[in-house]
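Data first, discussion second: the structure below is written as structure tokens.
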2 protein chains.
Amino acid sequence: MRLLLIEDEPELANALSAALKKHGIVTDHTMHLDDAFELTRQNDYDAILLDRRLPDGEGLTFIPKVRRAGTETPIIVLTARNEPLERVEGLDVGADDYLGKPFLVEELMARVRAVLRRPSSLAESSIAVGRMVIDPLHLNVAIASTPFDLPRRELLVLAALAKRKDKTVLRSTLEAAVYNYEEEIQSNALDAHISRLRRRLQDAGAGVAIHNIRGVGYLLREE
Amino acid sequence: MRLLLIEDEPELANALSAALKKHGIVTDHTMHLDDAFELTRQNDYDAILLDRRLPDGEGLTFIPKVRRAGTETPIIVLTARNEPLERVEGLDVGADDYLGKPFLVEELMARVRAVLRRPSSLAESSIAVGRMVIDPLHLNVAIASTPFDLPRRELLVLAALAKRKDKTVLRSTLEAAVYNYEEEIQSNALDAHISRLRRRLQDAGAGVAIHNIRGVGYLLREE
DNA sequence: CCGCGAAGGTTGCGGCAGCATTACGGGGAA
DNA sequence: TTCCCCGTAATGCTGCCGCAACCTTCGCGG
């Protein structure tokens with residue numbers, strides 16, 4: 001899962017990113033609405049966390065803009081101002097939920113989950129490929145119903161591939177699934193993960209293969 | 001197991017929390033319906049105990065509100081008014097059970113368990129792993145059918161792991177299972193519990209292992 | 001059919017974040 | 001009081017993972 005966090009307090013932003021990471025969530029962070037808008041066009045986020053009070057101005061103005069651009073990603077508004085009236089304000093312009101500061105990360109998680117549960121979003125619980133069963137939400141993998149554990153990054157790669165099994169996943173999409181843009185990589189780290197993952201799958205007799213499509217990306221299919 | 005208690009008499013609330021704690025239950029407590037509503041969004045409770053007569057007004061009004069928000073957590077209504085007619089009233093708006101004050105904690109526990117056993121909730125009664133049998137509902141653990149005592153926190157960790165045996169449990173999920181929102185921890189207390197629990201399981205020859213997945217969480221499996 | 005460049009695959013290494021363990025001491029229960 | 005739980009912190013260690021060097025495969029053009 002991947003979130004975009006639009007927040008100008010670096011301290012809060014860092015704490016939040018770290019906490020979300022514990023939930024297996026990759027977080028991109030920016031404090032500028034323009035950057036944020038670009039990021040929504042480049043990436044397919046599962047949800048957006050939006051602060052209202054930003055150096056660029058009122059965060060809410062961001063919502064109509066992205067909606068007009070066709071982005072339907074759920075938006076959760078974060079703010080210190082938590083009056084009922086303002087709550088309505090946010091929801092009226094197209095926010096999906098509203099969260100007053102300070103809040104617990106658990107609360108945020110619950111709201112993210114709630115928002116993702118809504119009919120529009122397609123949160124699949126479990127995907128079967130070959131002899132494997134992959135649950136990308138809980139980050140579980142099993143082969144022939146015995147658990148199979150993987151390092152974090154390889155797990156994220158596999159989950160991203162499984163979500164679109166038999167379909168090609170762009171290289172950039174995979175990178176996005178595993179890294180946030182602060183952790184930019186200057187090498188073939190992704191290739192390395194793929195390689196190690198392949199070996200692990202092979203050794204375990206997973207009955208799946210990660211197939212490369214030159215210049216485009218990868219796909220996961222049965223052997 | 002984790003409950004939300006909505007009750008305005010501090011004395012009763014404290015006594016109840018303490019009593020439930022002895023049963024290994026983590027309890028969050030509030031006396032305001034608004035707070036309670038927020039809490040249901042923050043946490044995934046196993047059940048909610050709801051007083052009818054509250055400073056905010058009639059407790060029953062709370063039920064449709066949370067149900068509309070998509071929360072399916074079982075609700076047990078506590079009240080001094082225990083007339084049959086009022087009982088129907090509570091159940092009609094979506095309560096799962098009804099308990100007249102005063103009551104024995106044992107009775108409350110029995111009702112909580114009963115409510116959790118219902119088909120909708122997926123509370124398994126008993127889980128077998130290795131040479132152990134774990135009942136996360138009664139918080140009983142036995143090794144080779146002789147009872148096995150554990151300290152409270154370690155018991156909660158083990159129960160949380162057992163409920164998802166052979167599947168990874170996120171670190172954050174474990175933290176939520178063991179601590180309520182007042183008890184924030186600032187150290188590696190969870191790691192310490194895991195370590196001590198491992199040693200105990202080892203010494204007892206439980207035939208199970210708690211396995212770590214770096215950067216993700218833990219899982220319980222047979223050795 | 002062959003050559004060549006670019007994309008992908010593989011692998012060892014080193015740094016370091018995350019985990020394991022343990023001793024210590026406060027505090028609560030019997 | 002005594003015992004044990006359990007939070008804290010210090011210490012050591014493990015193995016993930018980014019990196020880079022080197023090798024293999026692919027596809028195109030001649």
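Here is the naming used below: chain letters follow the sequence lines, and residue numbers restart at 1 for every chain.
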Does a side-chain heavy-atom distance below 4.5 Å link A/R2 with A/D28? yes

Look for any protein N or O under 3.5 Å of an N or O in nucleotides 1-3 of chain D and output each such pair with its distance, or none.
none

Nucleotide C/dG18, atom P - distance to CD1 of B/I194 in whole Å: 16 Å

Tell me the interatomic distance from A/L197, atom CG, to C/dG9, atom P, rounded to whole angstroms. 12 Å

Listed pairs, N/O of protein and of nucleotides 14-21 of chain D, under 3.5 Å:
{"residue": "D/dT14", "atom": "O2", "partner": "B/R214", "partner atom": "NH1", "Å": "3.3"}
{"residue": "D/dT14", "atom": "O2", "partner": "B/R214", "partner atom": "NH2", "Å": "2.5"}
{"residue": "D/dC17", "atom": "OP1", "partner": "A/R153", "partner atom": "N", "Å": "3.4"}
{"residue": "D/dG18", "atom": "OP1", "partner": "A/R153", "partner atom": "NH1", "Å": "2.5"}
{"residue": "D/dG18", "atom": "OP1", "partner": "A/Y179", "partner atom": "OH", "Å": "3.3"}
{"residue": "D/dG18", "atom": "OP2", "partner": "A/Y179", "partner atom": "OH", "Å": "2.7"}
{"residue": "D/dG18", "atom": "OP2", "partner": "A/H193", "partner atom": "NE2", "Å": "2.7"}
{"residue": "D/dG18", "atom": "N7", "partner": "A/R196", "partner atom": "NH2", "Å": "3.4"}
{"residue": "D/dC19", "atom": "OP2", "partner": "A/Q186", "partner atom": "N", "Å": "3.1"}
{"residue": "D/dA20", "atom": "N7", "partner": "A/N188", "partner atom": "OD1", "Å": "3.2"}
{"residue": "D/dA20", "atom": "N6", "partner": "A/N188", "partner atom": "OD1", "Å": "3.1"}
{"residue": "D/dA21", "atom": "N6", "partner": "A/N188", "partner atom": "ND2", "Å": "3.2"}

Whole angstrom value for the distance that separates P of C/dG18 from CG of B/L174: 17 Å

Under 4.0 Å: is that the gap between some side-chain N or O of A/S195 and OP1 or OP2 of C/dT10? yes

Which residues pass the salt bridge (charged side-chain N to carboxylate O under 4.0 Å, His left out) test with B/R199, not counting sequence neighbours? B/D203

Pairing residues for A/A192 by the side-chain contact (heavy atoms from CB on, under 4.5 Å) criterion, not counting sequence neighbours: A/R196

Taking only residues at least two apart or on different chains, which pairs with a member in residues 212-223 of chain B satisfy side chain to side chain donor-acceptor pair (under 3.5 Å)? A/D149-B/R221

Given atom CG of B/N212 and atom P of D/dC13, what is their separation to the nearest angstrom? 18 Å

Distance in angstrom units between A/D203 CG and C/dT10 C1', rounded: 14 Å

Under a 3.5 Å distance rule, please check whether B/T27 uses its side chain to pair with a backbone N or O of B/L5 as donor and acceptor. no

Find the distance B/L201:CG to C/dT21:C1' and express it as a whole number of Å. 16 Å

Can you check whether B/L50 reaches B/L33 side chain to side chain, under 4.5 Å on heavy atoms? yes

Nucleotide C/dC19, atom C1' - distance to CG of B/L170 in whole Å: 16 Å

Verify the contact: side-chain N or O of A/Y218 to OP1 or OP2 of C/dG9, cut-off strictly under 4.0 Å; return yes or no. yes

Could you state the CD-P distance from A/Q202 to C/dT10, rounded to the nearest angstrom? 10 Å

Between the opening five pairs and the closing five pairs of the helix from C/dC1-D/dG30 to C/dA30-D/dT1, how far apart are the helix axes, to 10°? 40°

For B/D44, the salt bridge (charged side-chain N to carboxylate O under 4.0 Å, His left out) test, sequence neighbours excluded, returns none

Measuring to OP1 and OP2 of C/dA20, would you say a side-chain N or O of B/R198 lies under 4.0 angstrom away? yes

Are A/S126 and A/D135 linked by a side-chain donor-acceptor pair shorter than 3.5 Å? no

Once side chain to side chain donor-acceptor pair (under 3.5 Å) is applied, do any residues pair with A/D191, and if so which ones, sequence neighbours excluded? A/R171

The single option from A/L49, A/D51, A/T40, A/L54 passing side-chain contact (heavy atoms from CB on, under 4.5 Å) against A/I6: A/L54

In chain order, what residues pass the salt bridge (charged side-chain N to carboxylate O under 4.0 Å, His left out) check against A/K22, with sequence neighbours excluded? B/E175

For B/R199 and for B/V216, find the nucleotide of DNA chain C with the closest heavy atom, then tell me which residue's nucleotide is more 5'. B/V216

What residue among A/I48, A/L4, A/L3 forms side-chain contact (heavy atoms from CB on, under 4.5 Å) with A/T73? A/I48

When all nucleic acid strands are considered with a 4.0 Å heavy-atom cut-off, which category describes B/D191: base, sugar-phosphate, or nothing? base

Residues in salt bridge (charged side-chain N to carboxylate O under 4.0 Å, His left out) with A/D35, at least two apart? none

I need a per-nucleotide contact map over nucleotides 25-30 of chain C, read 5' to 3'. Cutoff is protein heavy atoms under 4.0 Å; write B for the base, S for backbone only, - otherwise. ------

Check whether any side-chain nitrogen or oxygen of A/K21 sits under 4.0 Å from OP1 or OP2 of C/dG18, and answer yes or no. yes

Do any side-chain atoms of residues 152-161 of chain B form donor-acceptor pairs under 3.5 angstrom with protein atoms, and if so which ones, sequence neighbours left out?
{"residue": "B/R153", "atom": "NH2", "partner": "B/V178", "partner atom": "O", "Å": "3.3"}
{"residue": "B/R153", "atom": "NH2", "partner": "B/E183", "partner atom": "OE1", "Å": "3.2"}
{"residue": "B/R153", "atom": "NH2", "partner": "B/E183", "partner atom": "OE2", "Å": "3.3"}
{"residue": "B/E154", "atom": "OE1", "partner": "B/R200", "partner atom": "NH1", "Å": "2.8"}
{"residue": "B/E154", "atom": "OE2", "partner": "B/R200", "partner atom": "NH1", "Å": "3.0"}

